[in-house]
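Worksheet: one structure, shown below.
Labels below follow one simple rule: chain letters A, B, ... track the order of the sequence lines, proteins then strands, and each chain is numbered from 1. These numbers were taken from a predicted model, which means no experiment stands behind them.
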Protein chains: 2
Amino acid sequence: MKFIQSVKNPKVKQWKKLLTKKEREKTGQYLIEGFHLVEMALSQKEHIVEVIVSEEVVLPAHWNMDGVDMTVITHDVAKALGDTETVQGVFAVCRKRETEESLTGHAYLLIDAVQDPGNIGTMIRTADAAGIDGVILGEGCADLYNPKVLRSAQGSHFHLPVVSMPLTEAIQQLKEQQVPILGTALQQAVDYRQAAITDSFALLVGNEGSGVNPELLKETDSNVFIPIYGESESLNVAVAAGVLLYHFKHTLKNV
Amino acid sequence: MKFIQSVKNPKVKQWKKLLTKKEREKTGQYLIEGFHLVEMALSQKEHIVEVIVSEEVVLPAHWNMDGVDMTVITHDVAKALGDTETVQGVFAVCRKRETEESLTGHAYLLIDAVQDPGNIGTMIRTADAAGIDGVILGEGCADLYNPKVLRSAQGSHFHLPVVSMPLTEAIQQLKEQQVPILGTALQQAVDYRQAAITDSFALLVGNEGSGVNPELLKETDSNVFIPIYGESESLNVAVAAGVLLYHFKHTLKNV
């Protein structure tokens with residue numbers, strides 16, 4: 001076990017660099033923070049490069065640290081490393097997962113240019129909860145390994161396939177597998193409760209302000225919308241994805 | 001029209017104080033930021049005390065500023081006043097709305113101790129979209145007039161009644177009106193798709209970590225849960241509220 005006391009230590013600098021997308025792409029590694037995420041990473045140790053713990057932290061007794069490389073840091077180093085205001089003092093450097101890019105499942109969530117990291121993370125968590133086979137992050141989406149995305153996803157990325165790829169390519173692959181593409185749009189779209197419920201589908205949601213790119217909507221098999229009954233102009237994209245995923249995956253089935 | 005160039009101007013200090021709950025309660029006023037929110041406030045001018053605009057900002061031509069008190073500020077003052085990283089340079093001081101505390105509608109969302117401002121705001125926006133009659137913020141919830149709550153609510157608080165009151169009191173009132181209280185819980189609860197759909201209901205959702213207070217669950221008429229099909233432990237509370245509000249308010253009806 002190592003002990004690091006200075007924020008200027010090269011290892012600390014290297015860990016902090018992992019908060020940038022550039023460094024994550026260069027090294028294939030990323031940093032996670034907090035008891036919940038580190039515990040989930042420990043359940044599949046192949047994810048973990050090393051665990052980093054602030055000196056005042058007592059690790060939960062049930063954590064199995066066998067064979068895990070561990071470094072202890074001072075509280076000041078932990079604060080420097082933390083991305084949140086209230087630092088929990090537990091971190092891990094993880095390896096990015098090699099994700100299969102061939103889409104062979106029956107239900108997917110395709111995300112077009114959603115920029116808010118919290119929305120991306122919440123949709124990954126929701127897709128996992130709904131039992132979807134995977135999430136595709138198209139161009140313009142927040143990076144999966146952004147700390148805010150990981151925090152909102154609450155560890156779902158450890159077991160749910162999340163693939164970054166151009167959506168035109170994903171749609172092409174899914175169509176070859178006869179998976180209907182279900183767009184979300186306000187025009188040329190039907191109330192979601194009137195759309196056919198099929199065993200397989202790929203739901204396509206879009207940017208917070210502008211929705212799904214019209215070029216992608218040309219490729220969909222049908223489009224749905226969620227009616228607005230009050231005076232708000234729209235729903236948050238993660239809420240809309242939740243309503244639609246549960247509706248299309250679970251309405252009137254498995255009850 | 002006034003022009004303010006210094007961040008040390010007493011008016012600027014007073015506006016900044018409105019970012020604290022204490023000052024908002026003292027004055028009955030709050031600060032909003034951004035084109036969307038200010039435009040919504042302008043549509044009901046009784047909300048507005050004054051509008052504050054950064055010198056470089058061109059106001060949209062369709063905004064009707066008749067009779068609105070306006071102050072121009074420098075870009076540096078705007079940055080000092082802004083709560084977000086990318087300041088839009090448009091603000092308004094608004095009056096808190098006097099909300100009727102008697103609950104005479106048929107559908108409500110009751111929120112118990114949800115702490116994240118983004119979750120509170122997103123639920124207000126969702127409740128508005130779903131055509132619910134009002135939102136009740138119980139003890140322990142983030143303050144409605146917190147800038148992050150207002151940003152996520154996207155102006156829905158201007159027309160949807162949002163009342164802060166103890167939930168025991170709200171439940172009491174609703175029961176007197178024969179509105180069934182529908183709790184969310186993991187134990188002694190049924191799959192939401194098996195629960196009866198009634199014309200009126202009050203949906204009760206709870207804290208991100210611990211759920212609804214067990215004392216409040218003793219007062220509910222029935223409890224529901226949303227099944228988790230994957231490996232995530234739960235849904236985000238705002239996503240869950242969205243799935244349930246649309247299900248109970250709109251499934252199989254109005255289609």
Side-chain angles (χ1 to χ4, degrees), chain A residues 36 40 43-44 107 116 118-119 121-135 148 152-160 190-195 208-209 226-247 249-255, chain B residues 36 39-40 43-44 107 116 118-119 121-134 148 152-160 190-195 208-209 226-247 249-255:
Chain A
H36 180 72
M40 293 198 79
S43 71
Q44 289 160 285
D116 181 80
N119 282 340
T122 302
M123 284 193 278
I124 292 169
R125 177 181 175 190
T126 304
D128 181 11
I132 298 297
D133 297 306
V135 174
K148 286 187 187 136
S152 302
Q154 300 229 338
S156 284
H157 77 287
F158 286 127
H159 40 258
L160 184 74
V190 298
D191 183 325
Y192 73 103
R193 296 160 304 173
Q194 293 177 315
E208 291 91 345
I226 300 178
I228 301 292
Y229 296 92
E231 293 181 59
S232 64
E233 287 171 14
S234 62
L235 285 165
N236 165 278
V237 64
V239 171
V243 170
L244 294 175
L245 286 179
Y246 266 88
H247 178 81
K249 189 89 170 88
H250 301 297
T251 292
L252 309 175
K253 294 191 304 183
N254 310 328
V255 178
Chain B
H36 180 70
E39 177 163 336
M40 294 199 78
S43 71
Q44 290 159 282
D116 180 81
N119 283 340
T122 302
M123 285 192 278
I124 292 168
R125 177 181 176 190
T126 305
D128 181 12
I132 298 298
D133 296 306
K148 286 187 187 137
S152 302
Q154 300 229 337
S156 284
H157 78 288
F158 285 126
H159 40 258
L160 184 73
V190 299
D191 184 323
Y192 73 103
R193 296 162 303 174
Q194 292 176 316
E208 291 91 344
I226 300 178
I228 301 293
Y229 296 92
E231 293 181 59
S232 64
E233 287 170 14
S234 61
L235 285 165
N236 165 277
V237 64
V239 172
V243 170
L244 294 175
L245 287 179
Y246 266 88
H247 177 80
K249 190 90 172 91
H250 301 296
T251 292
L252 309 176
K253 294 192 303 183
N254 310 329
V255 176

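Using a 4.5 Å cut-off between heavy atoms, A:S152 makes no contact with chain B at all. For chain B, the nearby parts of A:T126 are the backbone and the side chain; heavy atoms of each come within less than 4.5 Å. Only the side chain of A:H36 has a heavy atom closer than 4.5 Å to any heavy atom of chain B.
Atom NZ in B:K249 sits 9.0 Å away from atom OH in A:Y229 (nearest 0.5 Å). The structure places CG of B:D128 at 6.5 Å from CD of A:E231, a figure rounded to the nearest 0.5 Å. Here the CZ atom belonging to B:R125 is positioned 9.0 Å from the CD atom belonging to A:E233, to the nearest 0.5 angstrom. We find the CG-CD distance between B:L235 and A:Q154 to be 10.5 Å, quoted to the nearest 0.5 Å.
In terms of heavy-atom pairs under 4.5 angstrom with chain B, the leader among A:A240, A:A241, A:S156, A:S234 is A:S234. Chain A forms the most heavy-atom pairs under 4.5 Å with one residue out of B:A238, B:A129, B:G155, B:G230, and that residue is B:A129. Ranking B:G131, B:S232, B:A127 against chain A, the residue ahead of the rest is B:S232, based on heavy-atom pairs under 4.5 Å. When each of B:L245, B:V243, B:T122 is scored by its heavy-atom pairs under 4.5 Å with chain A, the top score falls to B:V243.
Two residues are said to be in side-chain contact when any heavy atoms from C-beta on lie closer than 4.5 Å; A:Y192 and B:Y246 meet this criterion.
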